[in-house]
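Along the sequence shown, the residues carry numbers beginning at 1. Since we're looking at a predicted model, the values are computed, not measured.
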Amino acid sequence: MTTTMEQAPDGTFTISKRFAFDAAHQLTSLGPDHVCARLHGHGYRVEAVLSCTEDELVPPGFVVDFKDLEPLARYIKDTLDHRNLNEVLDFEPTSELLARHLAHWFLTHFTPAVADRLIQMRVSETEKTWAVYTPHRRTA
């Protein structure tokens with residue numbers, strides 16, 4: 001039996017791509033007795049989540065082509081990987097603020113056709129923790 005597209009329900013398509021980098025940081029505002037105030041490192045995972053409706057898909061049926069997300073991978077590698085995040089960022093590098101930073105970078109460095117599809121930027125410091133930043137949808 002063949003299923004046609006006409007039989008498929010309406011919905012939203014969502015994709016994600018995961019990136020990885022290793023870096024050190026310290027959260028000095030926590031005070032000297034807090035473990036995270038000391039310089040320490042993480043194997044970070046970053047996930048960009050993008051979404052669109054069926055009528056917004058680009059040929060041959062992509063939310064975006066995964067290869068078109070390569071500029072984010074380059075930014076992460078060139079700016080964050082194997083660095084002390086306190087030295088390369090102008091804010092205290094919590095996962096939450098790092099997720100917002102990466103979302104902002106994405107929104108300002110990708111074309112609107114790609115940037116407007118970003119629905120979440122996720123950052124993980126460990127396999128058990130995630131911070132998520134959800135940008136507000138832009139309006140024309």
Any chance you could measure [X], atom [atom1], to [Y], atom [atom2], to the nearest 0.5 Å?
X	Y	atom1	atom2	result
Arg45	Glu125	CZ	CD	12.0 Å
Lys77	Asp81	NZ	CG	7.0 Å
Leu89	Thr79	CG	OG1	8.5 Å
Arg122	Gln120	CZ	CD	6.5 Å
Glu56	Thr12	CD	OG1	8.5 Å
His42	Cys36	NE2	SG	6.0 Å

Same hydrophobic cluster for [X] and [Y], using side-chain heavy-atom links shorter than 4.5 Å among ILVMFWY?
X	Y	result
Leu85	Leu27	no
Phe21	Leu69	yes
Leu107	Phe19	yes
Val58	Leu118	no
Trp130	Leu50	no

### Task
Please assess Tyr75 against Leu102 for the test side-chain contact (heavy atoms from CB on, under 4.5 Å), listing each intermediate value before the final yes or no.
CA-CA 9 Å; Tyr75 174 75; Leu102 291 168; 3.8 Å; yes

Contact summary for [X] and [Y], nearest pair of heavy atoms:
X	Y	value
Leu72	Trp105	CA-CZ3, 3.8 Å
Ala115	Phe110	CB-O, 3.9 Å
Asn86	Pro93	ND2-CD, 3.6 Å
Glu96	Ala131	N-CB, 3.6 Å
Val46	Val123	CG2-CG2, 4.3 Å
Val63	Arg117	O-NH1, 2.8 Å

### Over 12 non-hydrogen atoms of neighbours within 6.0 angstrom of CZ in Arg100
no

### Query
Counting only heavy atoms not in Asp10, do more than 12 sit closer than 6.0 Å to its CG atom?
no

[Y] side chain reached by [X] side chain, heavy atoms, under 4.5 Å:
X	Y	result
Val49	Val132	no
Tyr44	Leu98	yes
Phe106	Met121	yes
Phe13	Glu54	yes
Leu30	Val35	no
Ile15	Phe62	no

#### Entry: Polar side-chain atom of Gln26 near backbone of Ala37 as donor-acceptor pair, under 3.5 Å
yes

### Query
Sub-3.5 Å donor-acceptor pair from the side chain of Asn84 to the main-chain atoms of His25, do we have one?
no

### Query
Which residues pass the ring-ring contact (aromatic ring centres under 6.0 Å, His included) test with His104, sequence neighbours left out?
none

